[in-house]
**Q** 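Here it is: the structure, laid out below.
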Amino acid sequence: MASVHESLYFNPMMTNGVVHANVFGIKDWVSPYKISVLALLYEMTSSKITLPERRRLNKLILPLQQGPDLTLGQFLKTVEECCPQTAYAVKLRLHEMADGELKDMEYFFSTLPTPFSAFDSEAHKTSVVGLFMRHMLLAYNKLSFSQVYKLYKSLQHYYHSHYAKPTDGQVGLPALAADDSEMDLTSIEDTVGDRVDKEELDAPLHESELRSDGTPSRGPLSQKQAEYFLARQAYLLKNDENKALKPAALQEELNNMLKFNPDFAEAHYLNYLNSMRVQDIFLSAHSLLHYFDRLILSGNEGKSNGDEGYGRSLRYAALNLASLHCRFGHYQQADLALQEAIRIAQESNDHVCLQHCLSWLYTLEQRKGSESTVLTQDSVKMAAHFCLPYLGSLDIQSLVQQGAMQGKAAHKLMDALKDTEILHWKHSLSELIEISLAQTTSIWRMYGKSTMALQQAQLLLNMSSLEPVNFGVHQNNTEAFAVALCHLAELHAEQGLYNATSEIFQHLKEQFPPHTQHSKLWMLCDLKIQFERHMNDRKYHLAEPLVKAMSALNKTEGLYRKAHVLKALNRSTEAYNILQQLQVHCEKTKCTEIIIRVMLSTAELHWESSGFSTALPLLLQALALARQHHLQSLASETILHLAFTQVSHNK
């Protein structure tokens, strides 16, 4: 069943993650790459472009301005994909400056439209294009003659290096040989007589994150580039992990970023998210604590009982630490951290933080196997009181999940989910809509209503996201989509449509590669389908190796399948002992579905020894349990077992 608890942690990257100005102490340079972007904007404002091409170029403006610098080949290729005519015009403009004289570059800057007078074009002072042009003009006008000459020589190197070495990705961008004070807009001093240092001109800048091979940048980033990089990677990790940098590459990039500024708080938080991908508990906790330490030192240190300041950071630090330990199964440490967060929140009278703590408290009780229905109901009431629809919806979905495990009737659960859907659509909570549909699919699947499960899965897969599409991500790589596709694969496998099942798993492998956090869902589902297929074909030698792989992902499922293999190999005593151990374990964890399946397998073992009279009460007990929990599919299977037992017993 789809998890509804993973969104309960405080995410400062999405809420209050602010990169402070000059966070690296690195200035925004007037670079040859930015002149190339300026040439593109000039051609966009002065030439006629078709509407579709203009739309594509408009989408490209911000990534080009905010992202790391590109080589000329990468830049021209990116523009050419949107508008070949404009790319050719930009290339000619750069050629005129690079193969001409210094006065050609001066003439280009003099012909740029003034943002304060261009009311009818994209270069208006309030537009993105106008702000960028104004910034570049101010920076250029503050340069001394020697700095203008260095900029011109750097532009020549930038242009000619593309043709000297045509292989993209191997040509370093020439850095402007000027120290920070020379290109700083706030600097009032003008230096003259500086020499053009060849080593500085040849020193490569960072390469773009937008490259198709995903190579991370190598050099320091400006403040805006750091903001863009962190926002992009955090968004991709949340919505489409497959498109984010690989864990090792992202770790290398963050280490490089922290080398220039160890106190950059948001980089530590992204490091925490990246460590969670690879299940590194030590580095995750280390980065999380560093994030809040830096946030306290660099943020607004208000009173400990206020809404801002380090008091707020401390209580959310403890809450995040509790969620981290809960994810890794360290329930005692999670409980201690959660109690600390509750204590600080109570002292500060922070009701929102207390509500988050309450949500994690019932989640922790569920993970430990304790009864948490009362806590969850209290959490729903408090969330409604403090107008927290997101938490309230998660709490209701958790109650529905508990009700399904306890055997509540389907119509009651659907009525409860209907109330949450009203909240979702009212507040445009796209993520919770997806979770709700995935959970509904799981409930119908558990109850044996395959048609309803198929309908809900298709509804989710064909739903358009309410969230804005950022960085080219359509938010179809979340856990909810993985759950729906796994159910779809199982439904096809039950009908013997293994070719369709293979296509679904191929899509899952592409969308959720093995290193991603949701890959375990389809891996386990794939193993179960393969196992059932080999067992039906009596290929036990192929089914047996799958048991170990299944046990690594889910011990209960692996143990159940191991008993099946032993039974098929006529090792009945060993199979019976495993089934008894499994039944005791499932009774403790209240996993009714597995209990019924264990009873059916035990009855099949009694058949082999002609113990039909012994199997009969066991099957009756399984039937009563299935009907009590409204498990129609298992009830039908149990009736078939009962019929076979009675027929065999009367022979």
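Note that the structure is a prediction, hence the values are computed from the model and not measured. Throughout, residue positions are numbered sequentially from 1 according to the sequence presented.
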**Q** Is the backbone of Glu101 close enough, under 3.5 Å, to the side chain of Asp104 for a donor and an acceptor to pair up by distance?
**A**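 Side chain of Asp104 to backbone of Glu101: a pair is present.
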
**Q** Rounded to the nearest 0.5 Å, what separation is found between the CG atom of Leu72 and the NZ atom of Lys77?
**A**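 Answer rounded to 0.5 Å: 13.5 Å.
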
**Q** Mind checking the CG-OH spacing from Leu283 to Tyr272? Nearest 0.5 Å is all I need.
**A**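 Going from the CG atom of Leu283 to the OH atom of Tyr272 covers 12.0 Å.
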
**Q** Where do Ala341 and Arg315 come nearest, in terms of heavy atoms and distance?
**A**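 Heavy atoms only, the tightest pair is CB-O, 3.7 Å.
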
**Q** Closest heavy-atom contact between Leu94 and Ser36?
**A**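 Nearest pair, atom of Leu94 first, then Ser36: CD1-OG, 3.6 Å.
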
**Q** Could you grab the distance from atom CG of Leu485 to atom CZ of Phe512, nearest 0.5 Å is fine?
**A**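 Leu485 atom CG to Phe512 atom CZ measures 7.0 Å (nearest 0.5 Å).
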
**Q** Could you walk me through whether Met136 and Val37 pass the side chain to side chain contact (heavy atoms under 4.5 Å, CB included) check?
**A** CA-CA 10 Å; Met136 288 292 294; Val37 177; over 6 Å; no

**Q** How close do Arg277 and Pro247 get, heavy atom to heavy atom, and via which atoms?
**A**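 Arg277 and Pro247 have their closest heavy atoms at NH2-CD, 3.6 Å.
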
**Q** Is the shortest heavy-atom distance from the side chain of Met276 to the side chain of Leu324 under 4.5 Å?
**A**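 The answer is yes; the side chains approach within 4.5 Å.
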
**Q** Would you please classify the geometry between the His290 ring and the His268 ring as parallel, tilted or perpendicular, with 30° and 60° separating the classes?
**A**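 Aromatic pair His268/His290 classed parallel.
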
**Q** Counting only N and O atoms by type, is there a donor-acceptor contact under 3.5 Å from the side chain of Ser287 to the main-chain atoms of Ser284?
**A**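 It does not hold such a pair.
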
**Q** Under a 4.5 Å cut-off applied to non-hydrogen side-chain atoms, are Leu40 and Phe75 in contact?
**A**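 Result yes, sub-4.5 Å side-chain heavy-atom pair found.
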
**Q** Quick one: are Tyr159 and Pro32 in side-chain contact, heavy atoms under 4.5 Å?
**A**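 Heavy-atom side-chain distance check fails, nothing below 4.5 Å.
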
**Q** Taking all non-hydrogen atoms of both residues into account, name the closest pair between Ala484 and Leu461 and its distance.
**A**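 That would be CB-CD2, 4.4 Å.
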
**Q** State whether a side-chain donor-acceptor pair under 3.5 Å links Tyr140 with Glu106.
**A**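 Per modelled atom types, Tyr140 and Glu106 side chains form a pair under 3.5 Å.
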
**Q** Donor-acceptor pair, Ser110 side chain versus Tyr107 backbone, under 3.5 Å?
**A**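 Between the backbone of Tyr107 and the side chain of Ser110 there is a qualifying donor-acceptor contact (under 3.5 Å).
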
**Q** Under a 4.5 Å cut-off applied to non-hydrogen side-chain atoms, are Leu60 and Glu81 in contact?
**A**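 The answer is no, as the side chains (C-beta and beyond) never meet within the 4.5 Å cut-off.
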
**Q** What I'd like to find out is whether the side chain of Glu253 reaches to under 4.5 Å of the side chain of Gln233, using heavy atoms alone.
**A**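 No - every pair of side-chain heavy atoms lies 4.5 Å or more apart.
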
**Q** For residues Asn58 and Arg55, is any side-chain donor paired with an opposing acceptor at under 3.5 Å?
**A**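 No, Arg55 and Asn58 have no side-chain donor paired with an acceptor closer than 3.5 Å.
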
**Q** Evaluate the ring planes of His356 and Tyr316, with Trp represented by its six-membered ring, and classify them as parallel (under 30°), tilted (30 to 60°) or perpendicular (over 60°).
**A**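 Rings of His356 and Tyr316: perpendicular, over 60°.
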
**Q** As an exercise, state the distance from CG of Leu521 to CG of Asp526, rounded to the nearest 0.5 Å.
**A**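 Answer rounded to 0.5 Å: 12.5 Å.
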
**Q** Do the non-hydrogen side-chain atoms of Leu254 and Leu230 ever get within less than 4.5 Å of each other?
**A**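 Yes, at least one pair of side-chain atoms sits under 4.5 Å.
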
**Q** Once you round to the nearest 0.5 Å, how far does CG of Asn274 lie from CG of Leu250?
**A**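 Reported value, rounded in 0.5 Å steps: 4.0 Å.
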
**Q** Decide whether Glu252 and Asn256 meet the rule of one side-chain donor and one side-chain acceptor closer than 3.5 Å.
**A**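 No, Asn256 and Glu252 have no side-chain donor paired with an acceptor closer than 3.5 Å.
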
**Q** Report the distance from atom CD of Gln517 to atom CZ of Arg327, rounding to the nearest 0.5 Å.
**A**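 CZ of Arg327 is found 8.5 Å from CD of Gln517.
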
**Q** Count the heavy atoms belonging to other residues, nucleotides or ligands that lie under 6.0 Å from CZ of Phe328, then report whether that count exceeds 12.
**A**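 Atom CZ in Phe328 is crowded, with more than 12 foreign heavy atoms closer than 6.0 Å.
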
**Q** Can you list the steps and then say if Tyr152 with Tyr149 is a ring pair (Phe, Tyr, Trp, His ring centres under 6.0 Å)?
**A** CA-CA 5 Å; Tyr152 176 68; Tyr149 178 72; 7.2 Å; no

**Q** Just to verify, what does Asp99 make a side-chain hydrogen bond (donor to acceptor under 3.5 Å, both in side chains) with, not counting sequence neighbours?
**A**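 side-chain hydrogen bond (donor to acceptor under 3.5 Å, both in side chains) list for Asp99, sorted by chain: His95, His160.
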
